[in-house]
Amino acid sequence: MALSYKARRRWALVILLLGLPGYIAVAWFLTSFLEVQSVLLQLAIFVGLGVVWIIPLKPIFMGIGQPDPDAERDRDDTPDR
């Protein structure tokens, strides 16, 4: 079942306000156990973790910045002034 536009907007907001900070805290906690000496390896790990979170959530964020496609277009019925 596909989510409606409004549901996707709400879930995106919840994910950005609660899920992303939680993911950052968990990633920070788990990477604190790694004793990596190379700065480039650390950079690769953090960039990888920064990209991995969005892969399963991409369908929720797709098209959120666009106007609601389900909204009725009342402006087309009213004459221009």
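Values below: all heavy atoms of this structure, side chains included; hydrogens, waters and symmetry mates excluded. Count residues from 1 along the sequence.
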Honestly curious: do Leu43 and Leu49 fall in one hydrophobic cluster under the side-chain, below-4.5 Å linking rule? no
Is there a side-chain contact between Phe29 and Ile24 in this structure, where contact means two heavy atoms from C-beta onward sitting under 4.5 Å apart? no
Should Leu16 and Val14 be regarded as members of a common hydrophobic cluster, given that ILVMFWY residues are connected when their side-chain heavy atoms come within less than 4.5 Å of each other, either directly or indirectly? yes
Would you give the length of the straight line joining atom CH2 of Trp28 to atom OH of Tyr23, rounded to the nearest 0.5 angstrom? 15.0 Å
Leu57 and Leu18: same hydrophobic cluster, using ILVMFWY side-chain contacts below 4.5 Å? yes
Value rounded to 0.5 Å, distance of OG1 in Thr31 from CD1 in Ile45: 8.0 Å
Would the distance check show the side chain of Tyr5 and the main-chain N or O of Gln66 forming a donor-acceptor pair, the cut-off being under 3.5 Å? yes
Are Ile64 and Trp11 linked, directly or through other ILVMFWY residues, by side chains that come within less than 4.5 angstrom of each other? no
Looking at Arg9, I want to see if its CZ is surrounded by more than 12 non-hydrogen atoms of other residues, nucleotides or ligands under 6.0 Å. no
Tell me whether Arg8 contacts the main-chain N or O of Gly63 through its side chain, where contact means a donor paired with an acceptor under 3.5 Å. no
To check you understand the geometry: which heavy-atom pair defines the closest contact between Pro59 and Pro56, and what is its length? CD-O, 3.7 Å
Single-linkage hydrophobic cluster Ile54~Val52, side-chain heavy atoms < 4.5 angstrom: yes
Treating Gln42 as the side-chain partner and Val36 as the backbone partner, does any N or O pair qualify as donor plus acceptor under 3.5 Å? yes
Return the orientation label for the Phe61 and Trp53 ring planes: parallel under 30°, perpendicular over 60°, tilted otherwise. perpendicular
